[in-house]
Amino acid sequence: MADIADILGNDRMKEHFITALVHEKVSHAYIIEGEKGSGKKMLASAFSKILQCEERKEGTSACGLCESCIQIEQKDHPDVIWVTHEKPASIRVNEIREQVINSVDIKPYKGPYKIYIIDEAEKMQPEAQNAILKTIEEPPEYVVIFMLSTNRGAFLDTILSRCVFLSTNPVPEKEVAKYLINKYQIPSEEAEFCAGFSMGNVGKAVLISTSEEFRNLKDITLSILRYIDEIEVYEITEKVKEYKKYKNSISNFFDIFYMWFRDLLLLKSCDGRRNPMDQLIFKKEYMYLRKQADCISMESVDYILNRIRRAERRIRAYVNFEATIELLILEAGNEFKNK
C-alpha cells in the first residue's frame with residue numbers, strides 16, 4: 001500500500017486529507033466517488049494508515065514501519081474495519097448493524113480512531129442507509145467512516161448532506177504510462193495504449209496491461225474492427241462464437257469497440273491543422289482507421305456509438321448474449337455498406 005503522497009493523481013483529495021490532518025479537522029464521514037479502479041480503496045487505506053500510525057506525531061505521512069502501519073497493510077488492524085456484504089448486488093441492513101452499528105460505541109483497541117471502510121457503498125439498501133444515518137449524525141469522536149462509491153445518486157439526501165463528498169479524477173495519461181513502464185516493465189508502446197484506453201484510470205490500466213485475457217480479447221475484436229467495413233454475415237457468426245469465453249469481461253469488448261469508433265470520430269473531425277496521431281488510442285491501426293474514416297459519415301459514427309451503448313444495456317438486462325453482439329457488429333458494418 002502506497003503512502004498517500006506516492007499515489008498517482010488525485011492531488012486535490014490528497015491535499016484535502018493533509019489539510020484536515022494539519023488543522024485537526026478530520027471529518028467523521030466521507031463519501032469518495034469514482035469509477036472502479038480509480039483508487040478509492042487505495043486513498044481510503046492510505047489515509048487510514050496515516051490516522052493510525054504510531055510514529056506520525058504531527059506529521060502528515062505514515063511511517064510504514066510501526067505495528068499499526070503493518071497491520072493496515074495486511075488488512076489486519078483491529079480498528080480499521082472493512083465492511084463486507086454477502087450478496088453482490090446489495091448491502092443489507094443486518095450487515096450494517098452487525099459490522100458497524102453494534103461495534104461503533106466500543107472504543108478503539110489500540111489506535112486513536114475507529115475507521116470503517118464501506119466499499120461499493122452505493123449498494124446499501126435504503127434501510128441500511130437509514131440504519132447508519134444516526135451514527136453519521138451523532139458519531140463518537142473517534143469514529144471515521146469512508147463510503148466508497150461509483151454513484152452518489154444512490155445515496156439518500158440525508159446521507160449526502162452529512163458527509164464530506166470527494167471525487168477521484170483521471171490521472172494524466174503520461175503519468176499512467178510512466179507508472180506502467182517503471183513498476184510493471186510494460187513496453188512503452190503498450191503502456192501508452194493502456195494509459196489512453198483506461199482514460200486515466202490507473203487501476204484499469206494496470207489490469208489490462210497485465211492481463212493475457214484482455215490481450216486475447218483485444219486481438220479478436222481488432223480482427224473484426226479492421227475489416228468491419230467489408231465483413232460478411234457468416235464471418236460475424238463465426239467470430240461471435242469466440243466471445244463466449246469472455247462473457248464475464250464483455251465490458252472490455254464494448255470499450256474496445258467504443259474506442260475504435262471514438263478514434264474514427266476524431267479522424268473525421270480533424271481539420272487538417274493538427275496531427276490527430278497523438279490523440280488516437282489505436283495508433284498502430286492508423287491505416288485501417290484512416291481508410292474507414294474516409295468512407296463513413298459523422299452521423300453514422302455517432303449512430304454506431306449509440307448502438308454500442310444500447311448493446312451494453314441489453315447485456316446488463318440479460319438479453320441473448322450472442323444475438324446482441326452479432327447485431328451490434330452487423331449494424332456497425334451496415335453503416336459502411338449503406339454509403
Side-chain angles (χ1 to χ4, degrees), residues 1-4 6-18 20-21 26-52 62 72-77 79-93 95-101 103-104 113-126 128-133 135-136 139 143-171 198-207 251:
M1 187 194 304
D3 184 82
I4 198 164
D6 298 326
I7 296 174
L8 285 182
N10 290 298
D11 292 336
R12 254 187 212 176
M13 193 184 302
K14 291 187 289 189
E15 184 180 339
H16 174 93
F17 283 145
I18 290 169
L21 284 166
V26 176
S27 176
H28 289 293
Y30 293 92
I31 293 175
I32 302 179
E33 183 188 50
E35 63 179 21
K36 185 177 180 180
S38 61
K40 302 185 298 293
K41 286 189 283 188
M42 188 178 290
L43 285 158
S45 297
F47 192 47
S48 299
K49 194 173 172 184
I50 297 171
L51 289 173
Q52 303 289 39
I72 292 174
E73 289 268 2
Q74 298 171 345
K75 287 192 174 181
D76 193 34
H77 195 290
D79 300 321
V80 179
I81 298 99
W82 287 83
V83 176
T84 60
H85 54 103
E86 186 176 323
K87 292 187 175 180
S90 65
I91 301 175
R92 294 172 295 175
V93 63
E95 291 169 323
I96 291 299
R97 284 182 180 143
E98 290 170 7
Q99 298 177 65
V100 181
I101 297 166
S103 66
V104 77
Y113 294 93
K114 192 161 194 174
I115 300 170
Y116 296 88
I117 302 175
I118 308 174
D119 192 21
E120 300 182 309
E122 73 279 357
K123 295 180 179 179
M124 281 194 293
Q125 295 176 344
Q129 293 189 46
N130 280 319
I132 204 172
L133 181 59
T135 299
I136 293 173
V143 165
V144 177
I145 299 173
F146 290 104
M147 288 177 277
L148 316 183
S149 172
T150 58
N151 177 22
R152 69 181 296 178
F155 293 101
L156 300 173
D157 289 341
T158 46
I159 295 284
L160 289 171
S161 65
R162 289 162 176 80
C163 297
V164 173
F165 180 81
L166 301 168
S167 181
T168 60
N169 294 307
V171 178
S198 68
M199 305 296 284
N201 183 317
V202 180
K204 184 174 182 178
V206 171
L207 183 64
S251 61

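Among residues two or more places apart in sequence or in another chain, the salt bridge (charged side-chain N to carboxylate O under 4.0 Å, His left out) test is passed with Glu33 by none. The side-chain hydrogen bond (donor to acceptor under 3.5 Å, both in side chains) search around Thr150 returns Glu122, not counting sequence neighbours. Take Tyr116 and apply the ring-ring contact (aromatic ring centres under 6.0 Å, His included) test, not counting sequence neighbours, and it matches no residue. Under the rule for a side-chain contact (heavy atoms from CB on, under 4.5 Å), the partners of Ile136 that lie at least two apart in sequence or sit in another chain are Ala29, Ile132, Ile145, Met147, Ile159, Arg162, Cys163. Residues meeting the side-chain hydrogen bond (donor to acceptor under 3.5 Å, both in side chains) test with Ser38, sequence neighbours left out: Thr168. Applying the side-chain hydrogen bond (donor to acceptor under 3.5 Å, both in side chains) test to Thr158 and every residue at least two apart in sequence or in another chain returns nothing. Judged as a side-chain hydrogen bond (donor to acceptor under 3.5 Å, both in side chains), and not counting sequence neighbours, Arg97 has no contacts.
Atom CD of residue Gln129 and atom CG of residue Leu160 lie 8.0 Å apart, to the nearest 0.5 angstrom. Note that CG of Asn151 and NZ of Lys123 are 11.5 Å apart. Values are rounded to the nearest 0.5 Å. Atom CD1 of residue Ile91 and atom CD1 of residue Ile118 lie 6.5 Å apart, to the nearest 0.5 angstrom. Distance check, rounded to the nearest 0.5 Å: CG of Asp11 to CD1 of Ile18 gives 9.5 Å.
Between Phe155 and Phe165, the distance separating the two ring centers is not shorter than 6.0 angstrom.
Counting non-hydrogen atoms of other residues, nucleotides and ligands closer than 6.0 Å to CG of Asp76 gives a total above 12.
Between His77 and Ser48 there is no side-chain heavy-atom pair separated by less than 4.5 Å. Taking the side chain as every heavy atom from C-beta outward, Val164 and His16 approach each other to under 4.5 Å. The shortest distance between side-chain heavy atoms of Asp79 and Tyr113 does not fall below 4.5 Å. Residues Ile50 and Phe17 have side chains not in contact (no heavy-atom distance under 4.5 Å, counting atoms from C-beta outward). Counting heavy atoms from C-beta on, the side chains of Phe47 and Val144 never come closer than 4.5 Å.
In plain terms, the two heavy atoms of Leu156 and Pro126 that are nearest each other are CD1-O, 4.1 Å. In plain terms, the two heavy atoms of Gln125 and Ser90 that are nearest each other are NE2-OG, 3.6 Å. Annotation for Ile32 and Met13: closest pair CG2-CE, 3.9 Å, computed over non-hydrogen atoms.
Of the possible polar contacts, none joining the Lys75 side chain to the Trp82 backbone as a donor-acceptor pair under 3.5 Å is found. Gln99 places a side-chain N or O within 3.5 Å of a backbone atom of Thr84 that can act as its donor or acceptor partner. Of the possible polar contacts, none joining the Asn169 side chain to the Asn10 backbone as a donor-acceptor pair under 3.5 Å is found. In this structure, the side chain of Lys14 engages the main chain of Gly9 through a donor-acceptor pair within 3.5 Å.
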Could you please spell out the steps behind the side chain to side chain contact (heavy atoms under 4.5 Å, CB included) verdict for Leu21 and Leu51? CA-CA 8 Å; Leu21 284 166; Leu51 289 173; 3.6 Å; yes
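The closest side-chain donor-acceptor pair between Glu35 and Asn201 falls under 3.5 angstrom.
Residue pairs meeting the salt bridge (Lys or Arg N to Asp or Glu O under 4.0 Å) criterion with at least one member in residues 82-92, sequence neighbours excluded: Glu86-Arg92, Arg92-Glu95. Listed by first and then second residue, the salt bridge (Lys or Arg N to Asp or Glu O under 4.0 Å) pairs that reach into residues 36-47 are Lys41-Asp119, sequence neighbours excluded.
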